[in-house]
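What follows is one structure encoded as structure tokens, with my remarks underneath.
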Amino acid sequence: MAQHIPPDHILPAVAAADLIAAGFRQYAPRLARLSSPHEVAEQLVGALDTQRPLSVVRLGDGELLTLAADTVLPSEEVQELAPFLPYAGVPRSTPEIRASLAEAIQGADCVGVPISRAPTFQGLLFPVLQHFGIDWSRLKLTSSTINYGLHQSGLLLPILHGRRVLFIGSKAHELGGLLQTHGVHVAGIIGSVAGYSDIPRVMQQTAETAFDIALVAAGIPAVILCRRIAGELGKVALDFGHLADKLVTGELHL
């Protein structure tokens, strides 16, 4: 506020919240609507019923910082902001990884984006998309927490019942066992993804499995895997993320 008030002036009896509300009304026509959990569930069920490919991917700070390295931020700054990237499957952001990730986002059927306007979330989202020539207005957007939204809305099990489900990721065995007790058909388990370099092996093993939908909890490589599973194998793939951990540990319940 102070930056916009001329010298030797005050703005009496106007709260910051009032100014924000007034400014927001000016920009309200530019609001972009995200697909709700129920709408994404309808897309997933529709694709499964008609045996059409569909990929639902999610962008968090890990994916955005990977894309931002040496593009919109210096790589040294990214290393300071994201020491967790090796754990998330990207030991070091390279041009090859960034290109593969950008291609997967461009080709995905539904892209989860962060609601948070924090610097490493929406603060990076649009600069990164612009750098890679991705027109966000042409993407089918949902929330980056769509995995949790499907669970919290009671939609996850109805989507999976009657389907052959492939589980991919470090918690695949435990998650498959848990969901099996809830009537889900476990078609296969790929129990680990050793980072970006392991994607070809995982894709080969995935191609050898008969399944309808893949739940992929594999860090940053999950975005690329989901897109390739849909594009190359004609299947449905959902970026499942840390929801797998929370269900397995009992922090969340089915």
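In this text, all values refer to a predicted model and were calculated from it rather than measured experimentally.
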Using distance only, find each side-chain donor-acceptor pair of residues 133-142 under 3.5 Å and give its atom names and separation, not counting sequence neighbours.
from : atom 1 : to   : atom 2 : distance (Å)
D135 : OD1    : S137 : N      : 3.0
D135 : OD1    : S137 : OG     : 2.6
D135 : OD2    : S137 : OG     : 3.2
T142 : OG1    : S35  : O      : 2.7

Show me the side-chain donor-acceptor pairs of residues 112-126 shorter than 3.5 Å, one per line, residues at least two apart or across chains.
from : atom 1 : to   : atom 2 : distance (Å)
S116 : OG     : A118 : N      : 3.1
Q122 : NE2    : P114 : O      : 3.1
Q122 : NE2    : I115 : O      : 3.0

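- Here salt bridge (charged side-chain N to carboxylate O under 4.0 Å, His left out) pairs that include residues 146-163, with residues two or more places apart or in two chains, are D49-R163.
- Panel note: side chain D239, backbone A222; no donor-acceptor pair is recorded below 3.5 Å.
- The two residues A69 and V78 make their nearest non-hydrogen contact at CA-CG2, 3.7 Å.
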Salt bridge (Lys or Arg N to Asp or Glu O under 4.0 Å) assessment of E39 paired with R33: CA-CA 12 Å; E39 289 169 329; R33 188 178 178 279; 3.1 Å; yes
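- Residues forming a salt bridge (charged side-chain N to carboxylate O under 4.0 Å, His left out) with D198 (at least two apart in sequence, or on another chain): R201.
- Under 3.5 Å, the side chains of S100 and Y196 contain a donor-acceptor pair of N or O atoms.
- A donor atom on one side chain and an acceptor atom on the other are not found under 3.5 Å apart for T71 and R98.
- By the side chain to side chain contact (heavy atoms under 4.5 Å, CB included) test, Q152 is found to be paired with Y148, residues two or more places apart in sequence or in another chain being considered.
- When atom types are taken as modelled, the side chain of S55 and the backbone of R227 share no donor-acceptor pair closer than 3.5 angstrom.
- Applying the salt bridge (charged side-chain N to carboxylate O under 4.0 Å, His left out) criterion to R30, with sequence neighbours excluded, gives no partner residue.
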